Asker: 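The following block contains the structure, expressed as structure tokens.
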Amino acid sequence: MLSKKIQELLNRQVELEAASSQYYLAMASWAQVKGYNGVSKFLYKHSDEERMHMLKLVHFINERGGHGLVPALKAPTANFKNIQEIFEMILKHEVHVSTEINKLVERCLAEKDYTTHNFLQWYVSEQIEEESLARNILDKLNLIGNDKGGMYLFDRDLESYSGAE
Ligand code: FEO
């Protein structure tokens, strides 16, 4: 059985994962409109994955005797400066998500809720991967700079990129 506080924090995480999904969906749509097919495909996939992260939490809360709540969300930004800005925003966002997951983990340890602690380990590993993926992509973008040919290849590469979870 979940404590009231852990349930509340898990539901806050549901909201953050849902917001992440919407955020990446807005980025995907912008990239598609701008003709970056590879980047948009990558971001649509990323958005779907965030929804999966949210669902996983909802199921867990319900299976532990709580109630997973569907949050109201603010509309995300629809316009972006460029691809570089998008991946900088993603990295910043994922670092924030990691911080929130860590807070949840700390709370579980304080309350000796080892079941939720165990469940959250999947998110801990996932965050390491997501942050490192965003950093790798940003490194590539920094190398490319303003090179249009490089950006063309980058977009094509991202289309077949399957490393994102
Ligand atoms: Fe579900 Fe990207 O954190």
Side-chain angles (χ1 to χ4, degrees), residues 2 5-32 36 38-64 66-78 80-109 113 115-142 154-155 157-165:
L2 295 169
K5 185 67 192 172
I6 299 271
Q7 181 174 183
E8 188 194 312
L9 290 175
L10 285 170
N11 267 316
R12 226 187 277 167
Q13 193 62 35
V14 166
E15 185 175 347
L16 186 53
E17 302 289 350
S20 306
S21 180
Q22 294 287 84
Y23 195 36
Y24 298 153
L25 185 59
M27 291 172 176
S29 180
W30 179 88
Q32 187 177 21
Y36 295 107
V39 173
S40 86
K41 203 170 155 191
F42 174 89
L43 291 169
Y44 278 124
K45 186 166 168 267
H46 201 159
S47 170
D48 284 348
E49 281 158 7
E50 298 299 352
R51 182 176 156 78
M52 186 272 281
H53 298 174
M54 177 201 67
L55 277 176
K56 214 173 151 81
L57 280 155
V58 169
H59 289 310
F60 178 79
I61 297 167
N62 293 344
E63 280 159 14
R64 298 289 299 153
H67 189 176
L69 302 173
V70 178
L73 297 172
K74 250 186 15 201
T77 314
F80 305 89
K81 207 163 77 190
N82 51 34
I83 298 292
Q84 175 101 8
E85 184 191 55
I86 283 184
F87 283 97
E88 277 163 8
M89 287 167 96
I90 292 178
L91 177 60
K92 200 168 156 214
H93 185 72
E94 289 303 334
V95 169
H96 171 62
V97 174
S98 300
T99 307
E100 294 306 302
I101 292 283
N102 289 342
K103 280 191 207 158
L104 245 169
V105 168
E106 266 173 42
R107 181 73 195 196
C108 290
L109 285 178
D113 180 347
T115 310
T116 306
H117 181 269
N118 185 51
F119 166 76
L120 288 172
Q121 294 315 299
W122 184 87
Y123 287 84
V124 172
S125 316
E126 179 65 19
Q127 284 313 117
I128 297 171
E129 276 179 34
E130 293 216 359
E131 280 187 37
S132 122
L133 177 62
R135 283 196 183 94
N136 286 340
I137 291 177
L138 273 175
D139 285 347
K140 283 200 182 88
L141 285 170
N142 284 334
F154 170 82
D155 185 55
D157 279 0
L158 228 57
E159 185 149 10
S160 55
Y161 200 94
S162 58
E165 269 296 313

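In each ligand, atom 1 is the first atom listed, and ligand 1 is the first ligand listed. Predicted, not measured: the structure shown is a model, and the values here were computed from it. Hydrogens, waters and symmetry mates are skipped; everything else that's a heavy atom, side chains included, is used.
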Asker: Below 3.5 Å, can you tabulate the donor-acceptor pairs from side chains in residues 100-108 to any protein atom, sequence neighbours excluded?
Answerer:
from : atom 1 : to   : atom 2 : distance (Å)
E100 : OE2    : K103 : NZ     : 3.0
N102 : ND2    : S98  : O      : 3.4
R107 : NE     : E111 : OE2    : 2.8
R107 : NH2    : E111 : OE2    : 3.0

Asker: Can you confirm whether K140 sits close enough to F87 that some side-chain heavy atom of one is under 4.5 Å from a side-chain heavy atom of the other?
Answerer: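 No, too far: nothing below the 4.5 Å cut-off.
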
Asker: I want to check something: taking the side chain as every heavy atom from C-beta on, are W30 and I83 in contact at a cut-off of under 4.5 Å?
Answerer: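 Side-chain contact under 4.5 Å: yes.
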
Asker: Taking the side chain as everything from C-beta on, heavy atoms only, tell me whether E85 gets closer than 4.5 Å to N82.
Answerer: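 Yes; the side chains approach each other to less than 4.5 Å.
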
Asker: Work out which heavy atom in L57 is nearest to a heavy atom in L10; give both atom names and the distance.
Answerer: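 Taking L57 first and L10 second, the nearest heavy atoms are CD2-CD2, 3.8 Å.
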
Asker: Show all protein N/O/S atoms under 2.8 Å from atom 2 (Fe) of ligand 1, or state that there are none.
Answerer: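 For atom 2 (Fe) of ligand 1, the protein N, O and S atoms that sit under 2.8 Å away are E50 OE2, E94 OE1, E94 OE2, E130 OE1.
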
Asker: How long is the straight-line distance from NE2 of H117 back to CD1 of I6, given to the nearest 0.5 Å?
Answerer: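 Between I6 CD1 and H117 NE2, I get 10.5 Å after rounding to 0.5 Å.
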
